[in-house]
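Comments concern the structure below.
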Amino acid sequence: TSEDSYEQTCYYLTVNANNANTVTLVGNHEYGFYYATINVNNASSVSLSARGEYGFYDSTLNAQWADSVSIKCVSGDSWSYYGACYDSNYYLPSNTEIKCYGTGCDDFGTIYTLDDASAISMSLNACGDCDDVGDCLDDLSFYCGYSGGTYQYSESYYGYTSYSSCDSTC
């Protein structure tokens, strides 16, 4: 890459800010956060913004006991094929807001919650990049109801199809 390139700027980055008051993370451009581990479990407020394909790629956000979490995933230029928040793991509190723009959340990854996911807010603005919800948010899984060292329930979405591992859903 050239000196002017911002690709892979946070390759294998580890952030340990578990007791911080406010944590703001911004990943703009390809591979902004690439295999990153963000530990903000007890932070008061966590904000993650990723723009462009692979802005937050194959990374982990550990924020299960944070007071509030806001995640914004925005597709990049019109040529962006892959999501900004792509194939990552998100350990989140119930007080979480996820905003998806264009293909920003395509192949989002997996959300883990201690209780259920009913209080997690997720919005989608296709921005003309997608034909339908399944096109914008193609792959999303939930694991919830943590008890006895394991998650009790799971549910996965692939396009419009839902697959649940049990009768009770997240």
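As the structure is a prediction and not an experimental result, all values here were calculated from the model. In what follows, residues are counted from 1 in the order of the sequence shown.
Of all heavy-atom pairs between C127 and N125, the closest is N-OD1, 3.0 Å. In this structure, N41 and Q64 approach most closely via the heavy-atom pair OD1-N, 3.0 Å. Taking every heavy atom of both residues into account, V40 and A66 meet most closely at O-CB, 3.9 Å. Scanning all heavy atoms of the two residues, the minimum distance from C105 to K99 falls at SG-O, 4.4 Å. A pairwise comparison of heavy atoms in S59 and A36 identifies OG-N, 2.9 Å as the closest pair. The two residues C73 and F108 make their nearest non-hydrogen contact at SG-CE1, 3.8 Å.
The aromatic rings of Y151 and Y143 sit perpendicular, their planes meeting at an angle over 60°, well past the 30° parallel limit. Taking the six-membered ring for Trp and thresholds of 30 and 60 degrees, Y11 and Y35 have ring planes more than 60 degrees apart, a perpendicular arrangement. Ring geometry for Y57 versus Y86: interplanar angle under 30°, hence parallel rather than tilted (30 to 60°).
For the 3.5 Å distance criterion, the side chains of N95 and S68 fail to qualify, holding no donor opposite an acceptor.
For the atom pair L92 CG and C144 SG, the distance stands at 12.0 Å (nearest 0.5 Å). For the atom pair D58 CG and S88 OG, the distance stands at 6.0 Å (nearest 0.5 Å). Atom OG of S75 and atom CZ of R51 lie 7.0 Å apart (nearest 0.5 Å). The CG atom of D106 lies 7.5 Å from the CG atom of L137; values are rounded to the nearest 0.5 Å. Taking CG from L13 and CZ from F33, the interatomic distance works out to 6.5 Å, rounded to the nearest 0.5 Å.
Judged by distance alone, with hydrogens and angles left aside, the side-chain atoms of S121 form no donor-acceptor pair with the main-chain N or O of E97 at under 3.5 Å. Using a distance-only test at 3.5 Å, with no hydrogens or angles considered, no donor-acceptor pair links the side chain of T103 to the main chain of C136. Checking side-chain atoms of S94 against main-chain N and O of D115 turns up no donor-acceptor pair under 3.5 Å.
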>> For a side chain to side chain donor-acceptor pair (under 3.5 Å) check, start with the C-alpha distance between N39 and N18, then their side-chain angles and the critical distance, and finish with the verdict.
In response: CA-CA 6 Å; N39 299 309; N18 280 316; 5.6 Å; no
>> Please evaluate residues Y82 and D87 with respect to the criterion side-chain contact (heavy atoms from CB on, under 4.5 Å), reporting the C-alpha separation (whole Å), side-chain torsions for both, the decisive distance (0.1 Å), and the verdict.
In response: CA-CA 10 Å; Y82 297 102; D87 197 28; over 6 Å; no
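Residues I71 and L61 have side chains in contact (heavy-atom distance under 4.5 Å, counting atoms from C-beta outward). Here the side chains of D67 and P93 are not in contact, with every heavy-atom distance at 4.5 Å or above. The closest side-chain heavy-atom distance from Y91 to T60 is below 4.5 Å. Between I38 and L48 there is no side-chain heavy-atom pair separated by less than 4.5 Å. The closest side-chain heavy-atom distance from Y90 to C85 is below 4.5 Å. Between I111 and L140 there is a side-chain heavy-atom pair separated by less than 4.5 Å.
A continuous path of ILVMFWY side-chain contacts below 4.5 Å connects F56 to V69, so both sit in one hydrophobic cluster. No chain of hydrophobic side-chain contacts below 4.5 Å, direct or via other Ile, Leu, Val, Met, Phe, Trp or Tyr residues, connects I120 to Y101.
Between Y112 and Y146, the ring centre distance reaches or exceeds 6.0 Å.
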